[in-house]
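Input: a single structure, listed below in structure tokens.
In the text below, chain A, chain B and the rest are named by the order of the sequence lines, each starting its count at 1. Hydrogens, waters and symmetry mates play no part in the numbers below; they use all other heavy atoms, side chains included.
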There are 2 protein chains.
Amino acid sequence: MIKVLLAEDQGMMRGALALLLDLEEDMQVVAQVAAGDRIVPAALEARPDIALLDIELPGRSGLDAAADLRDALPSCKVLIVTTFGRPGYLRRAMEAGASGFLVKDGPVEDLAAAIRRVLAGERVIDPGLAAAALSAGPNPLTQRERDVLTAAVDGATVSDIAGKLHLSQATVRNYLSAAIGKTGTRNRMEAVRAARQNGWL
Amino acid sequence: MIKVLLAEDQGMMRGALALLLDLEEDMQVVAQVAAGDRIVPAALEARPDIALLDIELPGRSGLDAAADLRDALPSCKVLIVTTFGRPGYLRRAMEAGASGFLVKDGPVEDLAAAIRRVLAGERVIDPGLAAAALSAGPNPLTQRERDVLTAAVDGATVSDIAGKLHLSQATVRNYLSAAIGKTGTRNRMEAVRAARQNGWL
DNA sequence: GATGCCCCCTGACAAATGTCATGGGTGCGG
DNA sequence: CCGCACCCATGACATTTGTCAGGGGGCATC
């Protein structure tokens, strides 16, 4: 019997997937969590064979949680299940030790199949996405550039960002300018979009 | 037997919900579509009793499709099922003649229950959301202000927007300024966020 | 120990953005 | 007919943003 942990913040999605997996003869959902920081505790409690993790979760990113889980419960495989097939996400997932990366676009049947393949020792990755991740190259942004961009996502002004990060305004503008340059965009807003698109934030 | 049409772009979600609803004794998913402009044709073909519509769909918004469906197949009830419980969405859904508005956050059990309540003639609406929709008031933005804001979402410059909408640059800036004023924000980016948050776009 | 990369800052300049006052044209309801 | 709201436009202004050319300090690597 395959014991599954399910981490997904959308209640309806979580419930539907749990129900669906429980229908499989050889699978059983032994834990369900809605927040990223509940993953490791729940896993230590329930000892699943595989963890299905969404990326964008409240509390802690599924990618960070995957790395935590790798340390806390190495026997547990990780399969990332996400809405967004962003190159940077895939890359980070692999670095965090995930065994598979599935986008929620595909048919549901893929899910159980992917679980079985992962448990059989395979790596499950969308081939098109893998190509995109390779062609996109690694994240070109430095830590500080990411900080500044993430602080700029919801329309904060330069002085807002400077205040939040305890930086000079001129410095903030320099980082923004660098990020704009590296993303090949024309302004802050496009840079934020491009960085998010690639999973660089 | 309740015949259900399911419109949802995310394959995994769509499949899982379909499977789940088919498990109900008295329900049957008679049509599944992934794009908004497929809703009416599929409904005319399959003659469902109720249509479950996501809002943010490729092709045509679920809200617009709800209005179309109202004309094309008045016997079919509409239940909006969406990720985003935005006040403006709820308001528009009601204006489009929807009988219910469900957010995907809640437990799956709510879904079948909501379907039955809608078919029994009830209106199904999250009470907290209804309150938010009322307190937020109606959309204060004019058509043109919406156009300009939507054209500005992904970082387009003033001249980009002016070109796309065939307007003078000064005019675009006036509309943007008006939108910023009405949303009580400080710049274009915040205005876009606020307008989206409220479902005004 | 030189090189390179990142961090943080300054100052100055050009361009884009946001605001305001002002105008004319349309269509709608009182 | 008048008021009102919306549409589109202009010009002028202050502010913000993006760019460029610097300089200093830390840390790792060759």
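- Taken from CG in B:Leu52 to CG in B:Leu102, the straight-line distance is 8.0 Å, to the nearest 0.5 Å.
- The end-to-end axis angle of the helix from C:dG1-D:dC30 to C:dG30-D:dC1, rounded to 10 degrees and based on five pairs per end, is 30°.
- Two residues, A:Val158 and B:Tyr175, neighbour DNA chain D, and the one matched to the more 5' nucleotide by heavy-atom proximity is B:Tyr175.
- Rounded to whole Å, atom P of C:dA16 lies 15 Å from atom CG of B:Leu176.
- Partners of B:Asp126 under the salt bridge (charged side-chain N to carboxylate O under 4.0 Å, His left out) rule, at least two apart in sequence or in another chain, do not exist in this structure.
- Put simply, CG on B:Asp37 and OG on B:Ser61 are 11.5 Å apart, with the number rounded to the nearest 0.5 Å.
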Report each atom pair, protein N/O against N/O of nucleotides 24-26 of chain C, whose distance is under 3.5 angstrom.
none

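- Partners of B:Arg47 under the salt bridge (charged side-chain N to carboxylate O under 4.0 Å, His left out) rule, at least two apart in sequence or in another chain, do not exist in this structure.
- In this structure B:Glu56 satisfies the salt bridge (charged side-chain N to carboxylate O under 4.0 Å, His left out) test together with B:Arg86, sequence neighbours excluded.
- For the pair B:Lys182 NZ and C:dT19 C1', the interatomic distance rounds to 16 Å; values are reported in whole Å.
- Between A:Gln10 and B:Asp105, the shortest heavy-atom distance links the atoms CG-OD1, 4.0 Å.
- Screening residues 110-121 of chain B for side chain to side chain donor-acceptor pair (under 3.5 Å) gives B:Glu24-B:Arg116, B:Asp26-B:Arg116, B:Arg117-B:Glu122 as the qualifying pairs, with residues at least two apart or on separate chains.
- Taking atom CD of B:Gln143 as the reference point, atom C1' of C:dG27 lies 16 Å away to the nearest angstrom.
- Residues of residues 186-193 of chain B that place a heavy atom closer than 4.0 Å to DNA chain C, in numerical order, are B:Asn187, B:Arg188.
- For DNA chain C, the neighbouring residues in residues 161-174 of chain A, judged by any heavy atom under 4.0 Å, are A:Leu167, A:Ser168, A:Ala170, A:Thr171, A:Arg173, A:Asn174.
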Could you pull out all donor-acceptor pairs under 3.5 Å where a side-chain atom in residues 137-153 of chain B meets a protein atom, sequence neighbours excluded?
residue	atom	partner	partner atom	Å
B:Asn139	OD1	B:Leu141	N	2.8
B:Asn139	ND2	B:Trp200	O	3.2
B:Thr142	OG1	B:Glu145	N	3.3
B:Thr142	OG1	B:Glu145	OE1	3.4
B:Gln143	OE1	B:Arg146	NH2	2.7
B:Gln143	NE2	B:Asp147	OD1	2.9
B:Arg144	NH1	B:Asp147	OD2	3.0
B:Glu145	OE1	B:Thr142	N	2.8
B:Glu145	OE1	B:Lys182	NZ	3.0
B:Glu145	OE2	B:Lys182	NZ	3.3
B:Arg146	NH1	B:Leu141	O	2.9
B:Thr150	OG1	B:Arg146	O	2.6
B:Thr150	OG1	B:Asp147	O	2.8

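- The span of DNA chain D lying next to chain B, judged by atoms under 4.0 Å from heavy atoms, is bounded 5' to 3' by D:dC6 to D:dA12.
- In this structure, A:Glu8 pairs ionically with A:Lys104, as a charged nitrogen and a carboxylate oxygen lie closer than 4.0 Å.
- When distances run from any side-chain atom of A:Arg144 to the nucleotides C:dC6, C:dG18, C:dC8, the shortest one goes to C:dC8.
- Of all the heavy atoms in A:Ile39 and A:Leu5, the pair that sits closest is O-CD1, 3.9 Å.
- In this structure, A:Glu145 places its CD atom 13 Å from P of C:dC5, rounding to the nearest Å.
- Annotation for B:Val172 and B:Ala162: closest pair CG2-CA, 3.7 Å, computed over non-hydrogen atoms.
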Checklist entry - Between A:Arg60 and A:Asp68, does a salt bridge (Lys or Arg N to Asp or Glu O under 4.0 Å) hold up when you go through it step by step? => result CA-CA 11 Å; A:Arg60 187 158 178 74; A:Asp68 299 345; 2.7 Å; yes
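- Here the closest heavy-atom approach between residue A:Val40 and residue A:Ala72 is recorded as CG1-CB, 3.9 Å.
- Scored by the salt bridge (charged side-chain N to carboxylate O under 4.0 Å, His left out) test, B:Asp71 finds no partners at all (sequence neighbours excluded).
- Counting non-hydrogen atoms under 4.0 angstrom, A:Thr157 reaches the backbone sugars and phosphates but no base.
- Residues forming a side chain to side chain contact (heavy atoms under 4.5 Å, CB included) with B:Ala156 (at least two apart in sequence, or on another chain): B:Asp160, B:Ile161.
- Across all their heavy atoms, A:Gly155 and B:Asn187 have their closest contact at O-ND2, 2.9 Å.
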